[in-house]
*Asks:* 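Mind having a look at this structure? Questions to follow.
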Amino acid sequence: MAPCHDHRDMVNGFIAELRWRGLLQDSMPGVEEHLNSGMRNGYIGFDPTADSLHVGNLVQIMMLVHFQRSGHRPIALVGGATGMVGDPSGKKAERNLLDEDALRHNQACIKAQLERFLDFNDPKNPAELVNNYDWFKDMSFLRFIREVGKHITVNYMMAKDSVKNRLESGLSFTEFSYQLVQGYDFVWLNRNKGCSLQMGGSDQWGNITTGTELIRRMHDGEAYAVTTPLLTKADGTKFGKSEGGNIWLDAERTSPYKFYQFWLNTSDDDAARFIHIFTTLSKDEVDAVIAEHKAAPHQRSLQKKLAADITERTHGKAELEAALQATGILFGQGTAEVLGALSEKQWLDVFDGVPQADVPHSSLAAGIPIADLLSDTTAFLSSRGEAKRALKEGSIAVNKAKVGDDRVVKTDDLLSGKFILLQRGKKNYFLVKAV
RNA sequence: GGGGAGAUACCCAAGCGGCCAACGGGGGCAGACUGUAAAUCUGCUGGCUCACGCCUUCGUAGGUUCGAAUCCUGCUCUCCCCA
């Protein structure tokens, strides 16, 4: 056998890879042979509905990552045009349309994020980013319905679940047309980029098959579809949300610390599935981590591995280190002494993603009753009533020590001369800075 | 165009003249147990004081009444049925 310097010299079973990772929901007959017989181009579309992707998009991003690692060329499509139409799939109501400026801004931000996951400079199979606005901006309505619409019957379009489910509540012609617009993306990519595969979540199956159908009818091309299962959590709640809402890939929206914590907090069942999906570890490595975790579940090595891997991939090594340091300090044996040993810079680094407030030295010198500090002074808790409730629950800690409602916070409580750490329960922190 | 039903706190959903800050469920938060997991149990979940009490709140604007989320009127919106 010829020596192989780079795994990308060879195409290796992408579909098999998806299978063991639990990422394969549906696929069209013949895909596996098609992909295994040479380097192929495949794409996934991303909706520019916000200026950042979130962890829910991560499944699709990882699909492209695995695709590239298998030796194929991934194409990420940002839906500048489709974003203007609105996909009815899985939506109960008509969507609001974004204006063009917002879409442009969102596309640029999403592109920057995708560049962190995919290799756009690989000499053999570089990733590519396209925007369907580029081929739709000069497409006239008449041309579209003559060239594209002509090939698909309304009967065919109505049979799609995304349309059927909305027939009762109603959907606009615009949303109805969505599958054709997306289908034409595939046609265009097939023609101009040699793209023969579209991937996506299982809710995209209908849209994708409209695309393969169009390709077949318009120029007798070869095209395939593969979808991933919809990601769920073991407890049935929606994946990707946390107390504060969505978990974003943008560090400004979700701090790397919170991002790391999100993954660290996944349940055992979920973590075992997620490590298959969101890391590039080999099957042996995955099995080993899961086995290690089973042997000593309290170590939570599985969650740690998962969180570290994704955080580093998303935010980089330095941010991961900072998140680890913050985690160690906040959840470790961390006592007031540990905290007091930090430099001012360390304080600010560790608490980067934690809400903060400035409090004048003078009021601390006078002493602030804890209830006042929690609500009026810092707005850590939304009202005095909530502060008092929390105190009654025994959930408030100052500098990692539980306090009662009679506690008065003074200058003596300042650590490193400047900081006080407030805490509600185990996971909610607030940093007071004396100024 | 005609007829009917409805709008209650984050969501669902009771209440139909005073005992309603408003049953119950979900969600959320916290405590216990743990492993910053899951499951379970307990408490809290409008604001101010927290002890009574007070203030704002039941689509919206008025009205009746000692007193209304509950009755009357106008308005807005939603849903269903018939044409």
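Quick note on labels: first sequence line is chain A, next is B, and so on, each numbered from 1. Values below: every heavy atom of this structure, side chains too, minus hydrogens, waters and symmetry copies.
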*Asks:* Using the test salt bridge (Lys or Arg N to Asp or Glu O under 4.0 Å), find all partners of Asp309(A) that sit at least two apart in sequence or belong to another chain.
*Replies:* Arg313(A)

*Asks:* Which whole number of Å gives the distance between the C1' atom of A68(B) and that of A61(B)?
*Replies:* 16 Å

*Asks:* Write out all pairs satisfying salt bridge (charged side-chain N to carboxylate O under 4.0 Å, His left out) with one or both partners inside residues 362-382 of chain A, taking only residues at least two apart or from two chains.
*Replies:* Asp372(A)-Arg384(A), Asp376(A)-Arg384(A)

*Asks:* Give me, pair by pair, the N or O atoms of the protein and of nucleotides 9-11 of chain B that are less than 3.5 Å apart, along with how far apart they are.
*Replies:*
none

*Asks:* Is it the case that the ring center of Tyr257(A) lies less than 6.0 angstrom away from the ring center of Phe351(A)?
*Replies:* no

*Asks:* P atom, G18(B) versus G26(B): distance in rounded Å?
*Replies:* 29 Å

*Asks:* Once you round it to whole Å, what is the distance between C1' of A37(B) and CG of Leu306(A)?
*Replies:*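 Computing the Leu306(A):CG to A37(B):C1' distance gives 13 Å.
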
*Asks:* Quiz question: by atom type and distance under 3.5 Å, do the side chains of Glu319(A) and Thr311(A) form a donor-acceptor pair?
*Replies:*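 There is no such pair (donor and acceptor under 3.5 Å, judged by atom type) between the side chains of Glu319(A) and Thr311(A).
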
*Asks:* Quick one, which residues of residues 267-277 of chain A touch RNA chain B with a heavy atom under 4.0 Å?
*Replies:* Ser267(A), Asp268(A)

*Asks:* Using a heavy-atom cut-off of 4.0 Å across all strands, would you classify Gln261(A) as base, sugar-phosphate, or nothing?
*Replies:*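 Answer is base: heavy atoms of Gln261(A) come under 4.0 Å of a base.
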
*Asks:* Distance alone, cut at 3.5 Å: any donor-acceptor contact between the side chains of Ser416(A) and Trp347(A)?
*Replies:* yes

*Asks:* How long is the line joining NZ of Lys304(A) and P of U36(B), in whole Å?
*Replies:* 9 Å

*Asks:* Measure CG/Leu324(A) against C1'/U36(B) and give the value in whole Å, please.
*Replies:* 14 Å

*Asks:* Applying salt bridge (Lys or Arg N to Asp or Glu O under 4.0 Å), name anything that partners Asp269(A), two or more places apart in sequence or on another chain.
*Replies:* none

*Asks:* Taking the C1' atom in each of C10(B) and U57(B), what is the distance between them to the nearest angstrom?
*Replies:*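 These two C1' atoms come out 15 Å apart once rounded.
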
*Asks:* Would you please name every residue forming a salt bridge (Lys or Arg N to Asp or Glu O under 4.0 Å) with Glu17(A), sequence neighbours left out?
*Replies:*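 Partners of Glu17(A) under the salt bridge (Lys or Arg N to Asp or Glu O under 4.0 Å) test: Arg21(A).
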
*Asks:* Between Asn207(A) and Ser162(A), do the side chains contain an N or O donor and an N or O acceptor separated by less than 3.5 Å?
*Replies:*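 There is no such pair between these side chains.
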
*Asks:* Side-chain N or O of Asn428(A) versus OP1/OP2 of A30(B): is the shortest distance under 4.0 Å?
*Replies:* yes

*Asks:* Where each residue is assigned the nucleotide of RNA chain B containing its nearest heavy atom, which of Arg300(A) and Lys402(A) is assigned the position nearer the 5′ end?
*Replies:* Lys402(A)

*Asks:* How would you list, by chain and number, every residue that makes a salt bridge (Lys or Arg N to Asp or Glu O under 4.0 Å) with Asp161(A), sequence neighbours excluded?
*Replies:* Lys164(A)

*Asks:* Could you name each residue pair satisfying ring pair (Phe, Tyr, Trp, His ring centres under 6.0 Å) that touches residues 289-316 of chain A, not counting sequence neighbours?
*Replies:* Phe259(A)-His315(A)

*Asks:* Distance check needed: A37(B) C1' versus Trp263(A) CH2, whole Å only.
*Replies:* 15 Å

*Asks:* Expected output check: what is the dot-bracket annotation of RNA chain B, where ( ) and [ ] are pairs inside the strand (brackets for crossing ones), | is paired with another strand, and pairs are Watson-Crick or G-U under 3.5 Å?
*Replies:* ((((((((.[[[..)..(.....]]]((((((.......))))))(((....)))...[[[[[..)....]]]]]))))))).

*Asks:* Considering only atom P, compute the distance from C11(B) to C16(B) and round it to an integer number of Å.
*Replies:* 23 Å

*Asks:* Which comes earlier along RNA chain B counting from the 5' end, the contact point of Leu264(A) or that of Arg424(A), where each point is its nearest nucleotide?
*Replies:* Arg424(A)

*Asks:* Which whole number of Å gives the distance between the C1' atom of C72(B) and that of C19(B)?
*Replies:* 25 Å

*Asks:* In whole angstrom, give the distance that lies between atom OH of Tyr429(A) and atom P of U36(B).
*Replies:*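 These atoms are roughly 11 Å apart.
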
*Asks:* Tell me whether Lys137(A) at atom NZ has more than 12 heavy atoms from other residues, nucleotides or ligands lying less than 6.0 Å away.
*Replies:*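 Enclosed.
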
*Asks:* Quote, to the nearest angstrom, the C1' distance that separates A22(B) from U56(B).
*Replies:*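 So the two C1' atoms sit 14 Å from each other.
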
*Asks:* Are Lys160(A) and Gln179(A) linked by a side-chain donor-acceptor pair shorter than 3.5 Å?
*Replies:*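 Note: Lys160(A) and Gln179(A) side chains miss the donor-acceptor criterion.
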
*Asks:* Looking at Lys305(A) and Glu285(A), is any side-chain nitrogen of the basic one under 4.0 Å from a carboxylate oxygen of the acidic one?
*Replies:*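 No, Glu285(A) and Lys305(A) are not salt-bridged.
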
*Asks:* Base, backbone or nothing for each nucleotide of nucleotides 44-52 of chain B, written B, S, -, heavy atoms under 4.0 angstrom, 5' to 3'?
*Replies:* SS-SSSB--

*Asks:* Salt bridge (charged side-chain N to carboxylate O under 4.0 Å, His left out): which pairs involve residues 409-422 of chain A, sequence neighbours left out?
*Replies:*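 Sorted result for residues 409-422 of chain A: Glu344(A)-Lys418(A), Arg407(A)-Asp413(A).
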
*Asks:* For A37(B), does OP1 or OP2 lie under 4.0 Å from any side-chain N or O of Lys427(A)?
*Replies:* yes

*Asks:* I'd like to check the ring pair (Phe, Tyr, Trp, His ring centres under 6.0 Å) partners of Trp205(A); sequence neighbours left out, ordered by chain and number.
*Replies:* none

*Asks:* Can you find a donor-acceptor pair, distance only, under 3.5 Å between Lys258(A) side chain and U36(B) base?
*Replies:*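 There is none.
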
